[in-house]
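Read through the structure below, which is laid out as structure tokens, and then see the notes.
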Amino acid sequence: MNQGKNKKSTNRIRFGLCCIFRQEPIRFRQVTAKTLQRLPRSEQLSRVSEICLHNVQSLYKSLQYVSDNGIGAFRILSPLLPRYTHPQVAYTLDDLPAGELINEEFYKIRKFRQQYDIRLSFHPDQFNVLSSPRPEVIRNTMRELEYQGLLADLVDAEVINLHAGGVYGNKEAALGRLEKNVVKLPESVRSRLAFENDDISFTPADLLPVCKKLKIPMVYDVHHHRCNPDEHTIEEATERVMTTWQDLGREPYFHISSPKNGWLKGSPKPHADFIEPADFPSCWKELRVTVDVEAKAKELAVLKLMEDLKNA
DNA sequence: GCATGTCAAGTTGTG
DNA sequence: CACAACTTGACATGC
């Protein structure tokens, strides 16, 4: 690897891979609650145990892959420990036959992450909604986020990134409920929490005041900002979002993606296989930031974008 | 083997 | 009103 003089504009950017691989033979497994519920408890646990062990081994391989390929961040898919919080089949690592092996693998992951300085994040699924007026939604969200906080402790992840949720006809009221619920989160979650602008409801201009007030950094998704714009230009949003991280002594976090069908034909929201280099904001090129690449071709898209920007 | 329907969970906009 | 979209299809079933 050429680490020195020839790398020009993008050598300060840490690129991130999201969740899974397209070509590299690293896979994560799943199991549904319905399947598990048909089994007696002991078989449930041995089934889940096998899958969890497989998944943490795959996570370790993922970190090896990214560090071998000059990728500096990895987003971990939420169901790493499948159905961990499901009311009917929930379990703890101590319940699993391979619990000890799984814990050893987590230890290896933490060490590897620290040694190679890989930034790890989580992006909990869309049903985690801190702004909901429905108590049961908040309860489920709290339970799921607690699990994400545990996972983050186990792998030494830095960021748990959430959207602000629904509007319910009143943005201010929704953000008010969100603020109230943030305070109730356990420290493992609160200390890692970030809010990301989304493509239908909450823009950077909506979230920045809340983030400033709560001292929670903001993840800036420029694709969402283009789909759901506000009064800020990309340059302004970039600048203001950066301060939410820098005020906390942390590295800013951005997302990039390209529209599957281009900007003109149909909805621009679905993600393309690769990133169109023109979609990469030129004002990002000299920054020391993390940019997660949200593209269907996964690791191939990250490597291609890194190459395209180097040659730009 | 391979095609197809299913899977815990929320909210919004489109056709 | 059904369905897609969202950070991500994988798995179970039936032919």
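Throughout, protein chains are lettered first and strands after them, A, B, ... in sequence-line order, and every chain is numbered starting at 1. Because the structure is predicted, anything quoted here is derived from the model rather than measured.
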TODO: Determine: side-chain N/O of A/Lys296 to OP1/OP2 of C/dT8, distance under 4.0 Å, yes or no.
DONE: yes
Task: Side-chain N or O of A/His163 closer than 4.0 Å to phosphate OP1/OP2 of B/dT11 - done: no
TODO: May I ask you to verify whether the side chain of A/Thr32 and the base of B/dA8 hold a donor-acceptor pair under 3.5 Å?
DONE: no
- [ ] Give A/His223 one of three labels, base, sugar-phosphate or nothing, depending on what nucleic acid heavy atoms sit under 4.0 Å from its own.
- [x] nothing
- [ ] Taking only the side-chain nitrogens and oxygens of A/Ser132, find out if one of them lies under 4.0 Å from OP1 or OP2 of B/dT11.
- [x] yes
Task: Rounded P spacing from C/dC6 to B/dC2 in Å - done: 29 Å
Task: NZ or CZ of A/Arg14 within 45° of A/Trp284 ring axis and under 6.0 Å - done: no
TODO: Look at the side-chain N and O atoms of A/Arg83 and state whether any lies under 4.0 Å from the OP1 or OP2 oxygen of C/dA10.
DONE: no
Task: Ring centroids of A/Phe127 and B/dG10 base under 5.5 Å with planes under 30° - done: no
- [ ] Determine the interatomic distance between P on C/dC1 and the same-named atom on B/dC7; round to the nearest Å.
- [x] 23 Å
Task: Phosphate-side-chain proximity, A/Arg134 and B/dG10, N/O vs OP1/OP2 below 4.0 Å - done: yes
Task: Geometric cation-pi criterion A/Arg240 and A/Tyr220, 6.0 Å radius, 45° cone - done: no
Open item on the list: Considering every strand and a 4.0 Å limit on heavy-atom distances, what is the contact class for A/Phe122: base, sugar-phosphate, or nothing?
Closed with: nothing
Open item on the list: Is the shortest side-chain heavy-atom distance between A/Ser67 and A/Gln115 below 4.5 Å?
Closed with: no
TODO: Nearest-nucleotide wise, let me know which of A/Asp125 and A/Phe28 is further upstream toward the 5' end of DNA chain C.
DONE: A/Asp125
Open item on the list: Taking A/Pro277's backbone N and O only, do any of them form a donor-acceptor pair with A/Asp308's side chain (distance below 3.5 Å, no angle check)?
Closed with: no
TODO: Just call it for A/Arg38: base, sugar-phosphate, or nothing, with non-hydrogen atoms closer than 4.0 Å on any strand.
DONE: sugar-phosphate
TODO: Could you tell me whether A/Glu294 contacts a base, only the sugar-phosphate backbone, or nothing, with contacts defined as non-hydrogen atoms closer than 4.0 Å?
DONE: sugar-phosphate
Task: Proximity of A/His224 and A/His163 rings by center, below 6.0 Å - done: yes
Task: Under-4.0 Å side-chain N/O to phosphate OP1/OP2 contact, A/Arg47 with C/dA12 - done: yes
- [ ] With heavy atoms under 4.0 Å as the rule, sort A/Gln88 into base, sugar-phosphate or nothing.
- [x] nothing
Open item on the list: By the 4.0 Å heavy-atom rule, please label A/Pro79 as base, sugar-phosphate, or nothing.
Closed with: nothing
- [ ] Please state the P separation for the pair B/dG10 and C/dA10 - nearest whole angstrom.
- [x] 23 Å
TODO: For C/dA4 and C/dG9, measure between their P atoms and round to the nearest Å.
DONE: 16 Å
Open item on the list: For the C1' atoms, the ones on B/dG5 and on C/dC3, what distance do you get once it is rounded to whole angstrom?
Closed with: 16 Å
